[in-house]
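Indexing begins at 1, ligand by ligand and atom by atom, following the structure's order.
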Amino acid sequence: MIPVRAYFRLFKSYLRPYKRRAWLLAAVLSTTIGLQLANPQLIRVFIDRTLAGDPTSRLVPLAIGFMVIAFSHQLLLVWATYLAEQIGWSATNQLRAELTDHVLHLDMGYHKGTSPGELIERIDGDVTALSNFFSSMIIKVLGNGVLLVGVLVLVWLESWIVGAAIAAFTALTFLGLFRLHGVTVPWQKAIRATSAEMYGFIGEQVDGTEDIEANGATGFMLSRFDGIQRKWLPQIVLGWTGWAMMWSASMALYFLSLMMGFILGSWLFGVGTLTIGSVYLVFRYIEMAHWPIDEIREQLVDLQKAGASIDRVGDLLARESKIADDGKVQLGEGPLRLTFDAVTFSYDDEAGDETVLHEVSFDVAPGRVVGLLGRTGSGKSTMARLVTRLYEPQGGAVLVGGHPTWDIGLQNLRARVAMVTQDVQLFRASVRDNLTFFDDSISDERLMDVIQRLELDEWLASLPRGLDTMLESGSGGLSAGQAQLLAFTRVFLRDPGVVVLDEASSRLDPATEGLIEKAVDHLLENRTAILIAHRLATVARADDIVILEDGRIIEQGERAALMADEDSVFAHLLVAGMEEALA
Ligand code: ATP
Ligand code: MG
């Protein structure tokens, strides 16, 4: 059935800012309905006067009146449509913004589990369905409802017998159509769900074109595409069948009502209750009543779409981030202590057996630098994500400045703890916007100052248009090393107390490597740091070393001490050649 309460709630909260315009719309709409109802009355008088043999001079004003009313009616209709469309889009744009904001604050687990295409379909597709609901639905359902009532009242005034018959018939029509509507709702829902899946799939594929083509996975992807299409087709056929069922039912009922009008009209004319003009009027009103019924029926399809959309939008809004932002602690200036206290973590809450970190404990005093080593997949990047609280550990705690991360205000934590990830995400924007994250309050002077301090001015000079050079999204346009340089600058601008540097594992060209070395030196000044290192040169900066294997710490200690101890894992690593041993 139609979730009237949900619609009403939506209406109330999103139409409030547009109250005045909504009232104007209501006024314009009522006038159009009034005009529409008035015109047949003119024709009735025209017919009766003509039959009575009135002179043309008495008929012409009626004809002119009819034309003026018909013309104004059309004009007002255009205005009403414009208003409704405007209200609909303004209201739903607000909803779009709210949804986007909400989604951006959801936890990383949600984002990893939802494809970008699916999100687009949710935020844009569903909300567009709602905007149609707000605009055309107001006009068609509400406007036509009033028109229908008007017709019934006027017919009733003409002859209560016809009025009663039409009212009963209309009630039956609606009842039948709503029944049918209830049957077809699930069909529509299935179509929308598959459509979301489809767009999610396409979004993912477009994103991965390079890898798909390079790995020859095109055939496989096409077959998956095919699979979704195959599921979609019968659903769409069923959906349209539902539509056709509604349509034929409504047409059949229309003809029945016309027949009824004919029979009753001719009978009442025969017994002398109605004039021929009144018979025309009744007949015309019956015909007019069909359009509202038909429009409302057609809108039912949109209404079910909007219903499904409201459900999904509601679900999304109700989804709370697993990372609650209710910490009160504000971290101070300067380098901060960082502690892992028996941290146990797995990405999937349910599948407990895939534990990525097992009771990991270590402590970094303020200003010290820890080199974190370990084979690929041992859980290094995972630790970095826990420090910035992109995920919450299932056991133990990560403490920054002595406070568990969940006690610290999320925004404050992320301002004071910075992470440079292995593959830096670039945006399709200028170098400046990529550095400042589109924050206009950061001046070019400040930017240049940081770039100079990181000794990156030469690199900047090598870019064709300096700060205005446009970058491609993803990692296109820059090498992994260059992208990391850019990320360093981002971090430096925020001046955090803890830095987690997840080094790119790819090999760098000597020139970029030199730049990175210098930049890292500056980055670490007066900051606590975890260096997730793949290269010897980076490790050499660490005061302490932590070696991770399969999510467990197998060795930790001062770097100098470990180097001196021939039996240590670290010393063996150095002898075996770290780059090779950790690969
Ligand atoms: P590398 O040296 O290659 O960067 P790493 O030490 O950083 O490796 P992690 O990325 O922390 O390794 O991954 C540790 C484990 O967690 C791996 O087994 C990986 O498959 C798993 N993992 C990583 N990210 C996710 C994720 N988003 N969802 C589920 N499992 C993940
Ligand atoms: Mg990693």
Side-chain angles (χ1 to χ4, degrees), residues 103 106-116 118-119 200 204 207-208 211 321-323 338 340 342-362 370-396 398 405 417-425 474-475 480-481 483-484 487-488 491 498-508 516 520 529-539 542 545-556 569-570 573 576-583:
V103 166
L106 284 179
D107 52 280
M108 213 30 75
Y110 174 81
H111 286 284
K112 295 281 177 207
T114 317
S115 70
E118 204 177 319
L119 269 185
E204 203 176 279
D207 226 34
D211 281 348
S321 178
K322 285 190 190 142
I323 309 290
L338 177 65
F340 270 68
V343 171
T344 298
F345 175 75
S346 82
Y347 279 99
D348 197 348
D349 285 339
E350 279 86 51
D353 47 10
E354 297 206 9
T355 310
V356 178
L357 296 175
H358 303 266
E359 308 219 348
V360 169
S361 293
F362 67 92
V370 170
L372 184 58
L373 307 180
R375 279 177 209 285
T376 178
S378 55
K380 304 181 299 293
S381 300
T382 306
M383 284 175 62
R385 291 179 196 131
L386 289 176
V387 176
T388 43
R389 209 173 160 223
L390 292 178
Y391 295 93
E392 206 95 272
Q394 278 85 11
V398 180
T405 43
V417 178
M419 168 163 80
V420 177
T421 52
Q422 266 171 313
D423 47 343
V424 176
Q425 190 68 39
S475 58
Q484 289 234 319
F488 289 167
V491 168
V498 177
V499 185
V500 183
L501 175 56
D502 199 349
E503 200 172 51
S505 40
S506 53
R507 295 183 190 274
L508 305 171
I516 289 202
V520 170
I530 294 186
L531 294 181
I532 300 176
H534 292 95
R535 297 170 308 126
L536 212 51
T538 321
V539 178
I545 295 292
V546 171
I547 300 180
L548 208 60
E549 195 169 290
D550 290 334
R552 290 188 173 82
I553 293 185
I554 54 167
E555 185 169 285
Q556 60 176 318
V569 181
F570 184 57
L573 269 181
M578 193 185 116
E579 274 104 343
E580 281 68 35
L582 289 183

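- If you number the atoms of ligand 1 from 1 as listed, the ones under 4.0 Å from a heavy atom of Arg385 come out as 24 (N).
- When atom types are taken as modelled, the side chain of Lys380 and the backbone of Arg375 share a donor-acceptor pair closer than 3.5 angstrom.
- Between Glu359 and Phe345, every side-chain heavy-atom pair lies at or beyond the 4.5 Å cut-off.
- For ligand 1, the atoms closer than 4.0 angstrom to any heavy atom of Gln422 are 1 (P), 4 (O).
- Considering backbone and side-chain N/O atoms, Gly377 comes within less than 3.5 Å of an N/O atom of ligand 1.
- Remark: ligand 1 atoms within the under-4.0 Å shell around heavy atoms of Thr382 are 9 (P), 11 (O), 13 (O), 14 (C).
- At the Mg ion (ligand 2), the vertex angle linking OE1 of Gln422 with OG of Ser381 is 90° (nearest 10 degrees).
- Heavy-atom contacts of His534 reach the following atoms of ligand 1: 2 (O) (cutoff under 4.0 Å).
- Using a distance-only test at 3.5 Å, with no hydrogens or angles considered, a donor-acceptor pair links the side chain of Glu555 to the main chain of Val569.
- You'll find the side chain of Ile553 stays beyond 4.5 Å of the side chain of Ile547, heavy atoms only.
- In this structure, Glu549 does not pair ionically with Arg552, as no charged nitrogen and carboxylate oxygen lie closer than 4.0 Å.
- Close contacts between ligand 1 and Val356 involve ligand atoms 14 (C), 15 (C), 16 (O) [criterion: under 4.0 Å to a heavy atom].
- Annotation: Lys112 places no N or O atom under 3.5 Å from an N or O atom of ligand 1; distance criterion only.
- Looking at Gln394 and Thr344, their side chains never bring a donor and an acceptor atom within 3.5 Å of each other.
- Residue Ser378 places a heavy atom less than 4.0 Å from ligand 1.
- For the residue pair Tyr391/Thr382, the side-chain donor-acceptor check at 3.5 Å is not satisfied.
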